[in-house]
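Input: a single structure, listed below in structure tokens.
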2 protein chains.
Amino acid sequence: MSKNKLPTIKEIAKRLNVSASTVSRALHDHPSIGLVTTMRVRKVAQELGYEANKMAIYFKERKTYTIGVIIPDLSEPFFSAALTGIEDAAEASNYNVIIGQSLDNFEREKKIVENMKDHRVDGILVSLTKETSTYEHFDGLKKYNIPVVFFDRVPNRKDINYVACNLVAGMLQAVSKLVAMGHSRIGLINGPAKLAATLQRLEIYFRCLKENNLPMDQDIIVSTTLAKSDNLKAINKLINLEEPPTAVIVFNDYVLLDCIAAVKTAGLKVNKDISFISFANLPIWEYMDSVPLASIEQFANKQSSMAAGFLFKLINNAASPNPVELPLLQHIIDSEMVEYNRSK
Amino acid sequence: MSKNKLPTIKEIAKRLNVSASTVSRALHDHPSIGLVTTMRVRKVAQELGYEANKMAIYFKERKTYTIGVIIPDLSEPFFSAALTGIEDAAEASNYNVIIGQSLDNFEREKKIVENMKDHRVDGILVSLTKETSTYEHFDGLKKYNIPVVFFDRVPNRKDINYVACNLVAGMLQAVSKLVAMGHSRIGLINGPAKLAATLQRLEIYFRCLKENNLPMDQDIIVSTTLAKSDNLKAINKLINLEEPPTAVIVFNDYVLLDCIAAVKTAGLKVNKDISFISFANLPIWEYMDSVPLASIEQFANKQSSMAAGFLFKLINNAASPNPVELPLLQHIIDSEMVEYNRSK
DNA sequence: ATAGATTACGCAACCGTTTGCGCAAACTCA
DNA sequence: TGAGTTTGCGCAAACGGTTGCGTAATCTAT
């Protein structure tokens with residue numbers, strides 16, 4: 001029973017003693033096929049439950065109507081939200097989405113790219129691994145006319161299509177707020193030096209201090225490897241200073257979760273003895289008792305769906321009868337602080 | 001520049017004045033091709049950077065080496081973990097994964113199935129919509145020889161392949177623990193009646209009471225539509241009883257989050273004045289101050305990767321030279337309670 | 001020297017559909 | 001009635017690769 005082939009156009013042709021081309025045209029209401037023949041073809045097609053094999057068509061079109069998405073880790077709400085945004089955009093364009101999680105591993109990222117290339121996806125959306133610092137594996141895709149659009153974690157290069165998020169905007173809002181609340185000694189818990197995000201946060205930190213005319217003090221800048229024990233060490237170092245900061249900018253919400261635990265253990269009150277600002281805006285805060293004053297929202301969904309829009313633009317241009325040389329598609333959206341201070 | 005076609009086997013053939021079949025065989029080290037010819041072919045292939053077009057091969061094989069995954073919502077950690085399990089299994093078998101989020105909407109689920117069928121995936125893994133109660137859209141896949149394996153949210157039918165989780169196991173552990181701690185008045189906050197999960201929890205509840213020889217009291221069984229306001233109403237109803245339950249089994253962790261907030265608002269202490277047990281085992285508890293005594297872990301990753309294993313078994317059998325009539329692949333794994341009571 | 005085996009390759013079909021071109025039959029008009 | 005147009009359909013190639021079968025040329029053995 002499972003042996004029976006699906007009805008094809010040839011099968012219909014055979015039954016009606018016409019050619020396959022006639023059947024194909026009849027099914028597309030081609031004017032050069034007579035009404036009678038068209039009707040007979042449609043009838044048989046109906047009876048057989050014929051459906052065109054899209055794979056054959058796609059193969060002929062040299063398209064797959066599939067895009068690939070490479071992201072570090074789906075368990076991060078940011079990326080699952082991003083994927084959802086992409087899926088929505090893809091659905092609207094009748095595209096499928098195949099995913100690959102790099103797990104922040106460069107070799108995996110390369111392998112996924114290779115695999116997606118083999119499967120001839122029509123385009124790829126990427127948010128880079130933390131480890132990624134060379135991009136040859138993406139350059140290779142040009143040969144296959146597979147466009148790439150990066151989002152959020154984008155290469156440090158100019159000649160790419162991307163959508164990224166400007167973290168400065170949200171952080172400036174947040175620090176201004178801290179200052180307005182009377183804070184003047186604001187610390188920083190940064191990430192490991194090898195990450196681009198770490199340098200970025202350092203710059204943002206300096207810039208925020210400067211714009212608010214705050215003094216700079218190396219003592220209240222610490223860093224963590226992002227391991228839990230190290231997160232605790234970092235925050236403890238700050239709160240045990242003779243003159244601890246009254247507010248701290250934290251690398252991200254995950255680090256902050258550990259910091260909050262440490263602060264409580266030390267008998268201090270969050271948002272009273274010490275306030276926090278962080279990056280990511282995890283949905284988790286909604287349910288927590290102790291929350292940062294604000295977390296910087298980076299709009300996963302917005303970034304990814306815009307990146308998807310860029311990608312479809314590139315794909316459609318390449319597929320159009322006369323493709324033009326598209327300018328680089330680049331966009332930076334502003335982050336925003338999301339306030340959580342419930343005492344207000 | 002983007003016009004240049006990729007090198008094909010025909011291109012190589014033309015350059016060497018041999019036939020395409022010779023090239024194909026040479027590239028596969030077929031013994032009937034002479035060493036000299038083989039070398040020459042390989043050399044040119046190398047020079048041109050030839051790579052076989054997998055899509056052409058897949059088309060001929062009538063396979064796509066792609067499986068579809070239909071899940072309700074990626075933002076739920078359960079499903080993103082499930083997807084990760086599937087992706088790992090797929091990668092090991094050199095398969096790709098295309099995803100579709102049904103968003104718990106039956107019509108979307110149908111549409112996604114249709115779409116995956118069009119794309120001729122080699123198989124589909126499904127966790128059903130809350131709304132899904134008919135399954136014709138899956139039956140239709142038989143015609144296309146697309147096997148389906150359900151996981152976690154499975155159809156209420158016998159003739160299917162599935163992996164599910166037995167919630168009773170974990171809940172019995174949890175209730176036994178409650179009883180051991182001295183609780184004898186255990187309430188239930190259930191979900192909306194139309195959900196299968198609601199009936200299921202009611203049965204589990206009764207069974208747990210019975211096995212522990214606890215009295216049954218309709219007053220401490222309430223339900224919620226799962227909306228936040230309704231969650232609050234439900235828990236408030238319980239804590240405002242003349243004789244409130246000392247412990248409550250809650251529909252799931254999301255409902256419980258609201259319950260905990262309400263309990264605190266009422267000035268009660270979680271795990272002291274009232275204890276909770278819930279379903280889902282969200283990773284969030286790790287970071288919370290107020291936690292349930294235990295949450296029932298349903299092993300998303302384990303379920304989904306086992307389901308993926310089933311699926312590949314079905315796919316490979318169908319693709320084998322002599323497919324056999326496989327028995328239904330069914331497995332139920334036991335849930336386990338995960339304790340969170342940190343006071344211990 | 002000749003039958004038989006071996007070596008090395010090409011032809012053509014196949015997967016399912018689309019489409020440019022050609023052509024015969026029917027029709028139109030002068 | 002004959003030239004020109006329209007109608008309706010088939011042939012064959014194309015997408016890129018694989019494979020069963022046929023066959024010419026060379027080699028082996030008697």
Side-chain angles (χ1 to χ4, degrees), chain A residues 3-42 44-45 48-65 117-120 122 143-145 319 321, chain B residues 3-42 44-45 48-65 117-120 122 143-145 319 321:
Chain A
K3 282 284 176 196
N4 49 7
K5 304 271 179 241
L6 293 172
T8 70
I9 237 173
K10 294 181 186 173
E11 176 64 22
I12 300 178
K14 203 184 295 173
R15 299 214 179 190
L16 289 171
N17 268 315
V18 295
S19 74
S21 35
T22 299
V23 175
S24 173
R25 283 189 255 250
L27 292 173
H28 289 83
D29 280 321
H30 193 284
S32 83
I33 303 299
L35 186 58
V36 209
T37 311
T38 301
M39 297 304 279
R40 292 174 62 215
V41 168
R42 303 197 87 97
V44 175
L48 264 52
Y50 168 82
E51 282 179 272
N53 182 335
K54 289 235 170 64
M55 278 304 128
I57 301 174
Y58 295 167
F59 169 55
K60 200 174 186 313
E61 286 184 342
R62 287 199 206 74
K63 293 198 61 173
T64 55
Y65 293 95
K117 181 213 70 191
D118 277 350
H119 273 256
R120 293 289 196 277
D122 291 343
K143 179 177 160 194
Y144 299 89
N145 292 325
Chain B
K3 282 284 175 196
N4 48 7
K5 304 272 177 242
L6 293 172
T8 71
I9 238 173
K10 295 181 186 174
E11 177 63 24
I12 300 178
K14 202 183 296 173
R15 299 214 180 191
L16 289 171
N17 269 316
V18 297
S19 74
S21 36
T22 298
V23 176
S24 173
R25 283 189 256 251
L27 292 172
H28 289 84
D29 280 323
H30 193 284
S32 84
I33 302 300
L35 187 57
V36 207
T37 311
T38 300
M39 297 302 278
R40 292 175 61 216
V41 168
R42 302 196 87 97
V44 175
L48 265 52
Y50 169 81
E51 280 178 274
N53 182 335
K54 289 237 169 65
M55 279 304 129
I57 301 174
Y58 295 167
F59 169 54
K60 196 176 181 340
E61 284 183 344
R62 291 200 205 72
K63 293 198 61 172
T64 55
Y65 292 95
K117 183 212 67 191
D118 277 351
H119 273 257
R120 293 289 195 278
D122 292 344
K143 179 177 161 195
Y144 299 90
N145 292 325

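Since the model is a prediction, treat every value here as computed from it, not as a measurement. Sequence lines set the chain letters: A, B, ... in the order given, protein chains first and strands last, and positions in each chain run from 1.
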Within this structure, what is the [atom1]-[atom2] distance for the pair [X] and [Y], rounded to the nearest 0.5 Å?
X	Y	atom1	atom2	value
Ile9(A)	Leu27(A)	CD1	CG	5.5 Å
Lys54(A)	Arg120(B)	NZ	CZ	8.5 Å
Lys60(A)	Arg62(A)	NZ	CZ	9.0 Å
Arg15(B)	Arg40(B)	CZ	CZ	13.0 Å
Leu48(A)	Ile12(A)	CG	CD1	6.0 Å
Thr38(A)	Asp29(A)	OG1	CG	6.5 Å

Practice task
Check every strand shown and say whether Tyr58(B) touches a base, only sugar-phosphate, or nothing at a heavy-atom separation below 4.0 Å.
Solution key: nothing
Roughly, in whole Å, what's the span from [atom1] in [X] to [atom2] in [N]?
X	N	atom1	atom2	result
Phe59(B)	dA14(D)	CZ	C1'	12 Å
Met55(B)	dT18(D)	CE	C1'	17 Å
Lys10(B)	dT18(D)	NZ	P	12 Å
Leu6(B)	dG17(D)	CG	C1'	14 Å
Lys60(A)	dG17(D)	NZ	P	16 Å

Problem - Residues touching DNA chain C, which here means a heavy atom under 4.0 Å, drawn from residues 17-32 of chain A - result: Ser21(A), Ser24(A), Arg25(A), His28(A)
Exercise for the section: Please answer whether the main-chain N or O of Ser32(A) pairs with a side-chain N or O of His30(A) as donor and acceptor at a distance below 3.5 Å. Expected result: yes
Exercise for the section: May I ask you to decide if Ala319(A)'s main-chain N or O and Lys63(A)'s side chain share a donor-acceptor pair within less than 3.5 Å? Expected result: no
Exercise for the section: Shoot me the first and last contacting nucleotide of DNA chain C against chain B, ordered 5' to 3', at under 4.0 angstrom to non-hydrogen atoms. Expected result: dA8(C) to dG16(C)
